[in-house]
Amino acid sequence: QRPLPCRTLRYVPAELEDKVVPDAEVLRTLLAVFRALFANALPRQRDVLAALPEPVRSKYQDLLSAQPRGAPVLGFTPQDVLYQTLGFSVARAASSLAAAGGVFVAAGRAPRGAVVGMYPGTVYQKYEPIFFQSIGNPFIFRCLDGVLIDGNDKGISKVVYRSCNGRDRLGPLRMSDSTWLTSEMQNPLAVGQYVNNCSNDRPANVCYQELDVPTGFPVELKQYLPNTTYSCAQQGPLRCVVLVALRDVGQGEELFSNYYTVVS
Ligand SMILES: *[C@@H]1O[C@H](CO)[C@@H](O)[C@H](O)[C@H]1NC(C)=O
Ligand SMILES: CC(=O)N[C@H]1CO[C@H](CO)[C@@H](O)[C@@H]1O
């Protein structure tokens with residue numbers, strides 16, 4: 001009998017996953033960043049605007065009409081928007097550690113407790129089939145309750161994410177972001193899967209925190225959530241994993257988390 005190919009899963013032991021900042025604060029940060037991204041892209045979001053209920057729409061329309069006439073579209077890069085909103089931006093860059101590179105504070109300073117990244121990917125319940133997507137895939141994160149997030153931007157994982165993302169579209173409204181699979185990322189935080197593990201001389205400066213996105217999350221901002229559920233029947237809140245700074249991280253510093261792997 002041939003042995004089954006083995007797979008590795010990333011995880012963080014429960015005692016290391018104590019929340020550094022309360023969920024409400026993480027959510028506030030995400031909402032602030034997503035609102036700013038949406039406002040910055042308003043001229044391109046007319047179809048989305050048109051699909052919103054009147055009170056929400058007019059709030060954004062006021063924003064649009066407050067623009068000086070004929071002014072060029074806001075059009076900052078998503079990274080600029082992140083910097084303007086939180087005072088820092090993050091980006092992938094070459095790392096001395098891993099061929100895949102790492103994630104750095106690209107500008108500004110991320111204070112302790114800041115949300116510095118999100119772990120993107122397809123969300124699988126414990127009992128859902130992930131076998132083929134998981135072979136030789138180092139980007140699967142296992143949450144404390146066994147939910148898995150596949151953050152691989154290549155191969156079958158990418159195809160699965162794209163198809164779930166397309167499935168959940170409601171007219172112009174997208175329920176999740178798939179641009180983290182491309183070089184034109186809309187949500188600059190969705191780089192959590194590329195953060196390297198810490199070591200003795202490079203202690204962890206960020207940690208993982210799980211967050212269930214409440215069902216009342218503004219529909220126009222879901223297009224920035226870098227997670228989609230594998231099952232279309234999935235009810236209840238969407239699981240996200242965010243990375244939070246354990247201390248101040250200055251410009252040019254690489255982010256290091258602390259995770260373990262288990263072979264299953
Ligand atoms: C990550 O780093 C920690 C601390 O150095 C170590 O215990 C752990 O095994 C590392 N994880 C992986 C997947 O190498
Ligand atoms: C909270 C939230 O936005 N959840 C969405 C996550 O993605 C799934 C599948 O794409 C949607 O069904 C949820 O509404």
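We count ligands from 1, going down the list as the structure has it; atoms in each ligand are counted the same way. FYI, the numbering just counts along the sequence from 1.
The nearest heavy-atom contact from the protein to atom 8 (C) of ligand 1 is N197 ND2, 3.7 Å. Among protein heavy atoms, atom 7 (O) of ligand 1 sits closest to Y260 CE2, 3.5 Å. Nearest protein neighbour of atom 4 (C) of ligand 1, counting heavy atoms only, is C198 SG, 3.9 Å. The protein atom (non-hydrogen) at minimum distance from atom 13 (C) of ligand 1 is T261 CG2, 3.6 Å.
Residues N152 and N137 have side chains that bring a donor and an acceptor to within less than 3.5 angstrom of each other. A donor and an acceptor atom, one from each side chain of Y60 and E220, are located under 3.5 Å apart.
Applying the side chain to side chain contact (heavy atoms under 4.5 Å, CB included) test to A32 and every residue at least two apart in sequence or in another chain returns T85. Listed by chain and residue number, E54 satisfy the side chain to side chain contact (heavy atoms under 4.5 Å, CB included) test with S58 (two or more places apart in sequence, or in another chain).
A salt bridge links D145 to R239: at least one charged side-chain nitrogen sits closer than 4.0 Å to a carboxylate oxygen.
Under 4.0 angstrom from ligand 1, the non-hydrogen atoms of N258 all belong to its side chain.
At a 3.5 angstrom cut-off on N or O pairs, Y259 counts as close to ligand 1.
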